[in-house]
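First comes the structure, then the notes that go with it.
So you know, we letter chains A, B, ... as the sequences are listed, proteins then strands, and number each from 1. Heavy atoms only: backbone and side chains are in, while hydrogens, waters and symmetry mates are out.
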Amino acid sequence: MPELPEVETIARGLANAVTGKTIDAVAISMAKIAVAAPGVDFAAALAGETIGAVGRRGKYVVIALGSGRRLAVHLRMTGRLIVHGAEYPEPYPYTHIVLRFTDGTRLSFADVRQFGRMRLLEAGDPWDADGGLEPLSEGFTSEAFVSMLDGRRTPIKAFLLDQSRIAGVGNIYACEALWEAGIRPSRPSHKISRPARRRLHGAVRSVLQRAIDARGTSVDDYVDAEGLKGGFQNQLAVYGRLGEPCPRCGKPIVRTVIGQRGTWWCRSCQK
DNA sequence: CTGAGATCCTGGGGGC
DNA sequence: TGCCCCCAGGATCTCA
């Protein structure tokens with residue numbers, strides 16, 4: 001599942017690979033994946049566009065275009081954005097959209113489960129993902145996070161996954177940050193002590209940054225823009241490690257369900 | 001405001 | 001071995 005570190009890694013790879021290129025033509029083989037404003041033809045509108053800055057907002061890859069339009073791409077669980085050289089013979093199966101550049105290289109969007117979307121935003125469209133704070137930005141201060149939890153009864157794990165509060169944290173890094181901070185995932189947010197909130201704030205930022213440094217987590221089929229796997233799966237403490245020993249205390253990791261999501265944690269050292 | 005449940009999809013795992 | 005069933009999972013929508 002691409003979360004913030006994976007999306008950041010993909011965006012950086014794309015920035016290197018396609019910035020400045022001009023789109024020659026666009027092929028769409030599954031119409032629902034390519035979303036445009038009413039009355040706008042996705043493929044026709046993109047033809048002739050140049051690629052500007054490539055960045056990330058929450059879990060979206062955002063690609064600026066010469067006309068002022070933007071492409072906002074969400075990969076959901078199994079989406080892939082991969083750049084292929086001109087000689088690349090055969091696309092990855094489940095490829096739904098291909099942007100072909102004038103130099104012959106291609107940017108393809110593939111998605112086994114068809115949940116991902118590539119959305120074309122018109123110039124001036126105020127789209128801003130879901131509005132949550134960027135957890136690695138300067139605005140995401142310890143004080144801001146501490147007060148965000150006031151009066152919130154929702155389990156802290158569900159809070160961390162709410163993209164309208166904090167943008168980019170998904171299931172893997174929510175589990176890992178809660179383990180690092182020693183907080184039980186089901187704990188009602190407002191009941192968490194202020195020192196523990198500050199620990200969690202630091203843990204969220206730390207785990208996201210370390211995962212970016214490792215180029216993301218490939219527990220299923222995540223790959224970056226070059227088709228390469230990440231490395232953070234080797235550093236996971238709890239996610240997906242049911243029954244394995246907690247790296248801190250040695251007790252077996254358990255799995256429960258919180259907010260309809262699988263949750264891995266240590267009963268012994270997360271209170 | 002808050003949470004529960006359904007929905008979208010397919011590969012893969014479990015059960016037999 | 002092979003087949004069928006079931007389900008994870010992010011965001012969104014409906015309903016209570």
Does [X] put a side-chain nitrogen or oxygen below 4.0 Å from OP1 or OP2 of [N]?
| X | N | answer |
| --- | --- | --- |
| A:Q260 | C:dG9 | no |
| A:H74 | C:dG10 | no |
| A:T78 | B:dT10 | no |
| A:R261 | C:dG10 | yes |
| A:R152 | B:dT2 | yes |
| A:Q114 | B:dT10 | yes |

How close or far is atom [atom2] of [N] from atom [atom1] of [X], stated in whole angstroms?
| X | N | atom1 | atom2 | result |
| --- | --- | --- | --- | --- |
| A:R153 | B:dC1 | CZ | C1' | 10 Å |
| A:M77 | C:dC7 | CE | C1' | 11 Å |
| A:Y60 | C:dT12 | OH | C1' | 10 Å |
| A:R76 | B:dC8 | CZ | C1' | 8 Å |
| A:L160 | C:dA11 | CG | C1' | 17 Å |
| A:H190 | B:dC1 | NE2 | P | 17 Å |
| A:E6 | C:dG10 | CD | C1' | 14 Å |
| A:R165 | C:dA11 | CZ | P | 15 Å |

Run the side-chain donor-acceptor check on residues 14-21 of chain A: report pairs under 3.5 Å with partners two or more places apart or on a different chain.
residue : atom : partner : partner atom : Å
A:T19   : OG1  : A:A15   : O            : 2.7
A:K21   : NZ   : A:D103  : OD2          : 2.4
A:K21   : NZ   : A:T105  : OG1          : 3.3

Practice item. Check the side chains of A:R210 and A:S206 for a donor-acceptor pair under 3.5 angstrom, ignoring hydrogens and angles. Key: yes
Practice item. For A:T22 and A:E49, test the side chains for any donor-to-acceptor distance below 3.5 angstrom and give the result as yes or no. Key: no
Check your understanding: Does a salt bridge link A:E180 with A:R199, judged by any charged N lying under 4.0 Å from a carboxylate O?
Key -> no
Study note, to complete from the structure: Between A:I172 and A:E3, the two heavy atoms sitting closest are N-OE2, 2.8 Å
Determine the contact category for [X]: base if any of its heavy atoms lies under 4.0 Å from a base atom, sugar-phosphate if only primed atoms, P, OP1 or OP2 are that close, otherwise nothing.
| X | result |
| --- | --- |
| A:G262 | sugar-phosphate |
| A:R119 | nothing |
| A:D111 | nothing |

Practice item. Give the nucleotide from the list B:dG3, C:dA11, B:dC8 with an atom nearest to the side chain of A:F115. Key: B:dC8
Review point. Among B:dT10, B:dC8, B:dG3, which is the nearest nucleotide to the side chain of A:V112?
Key: B:dT10
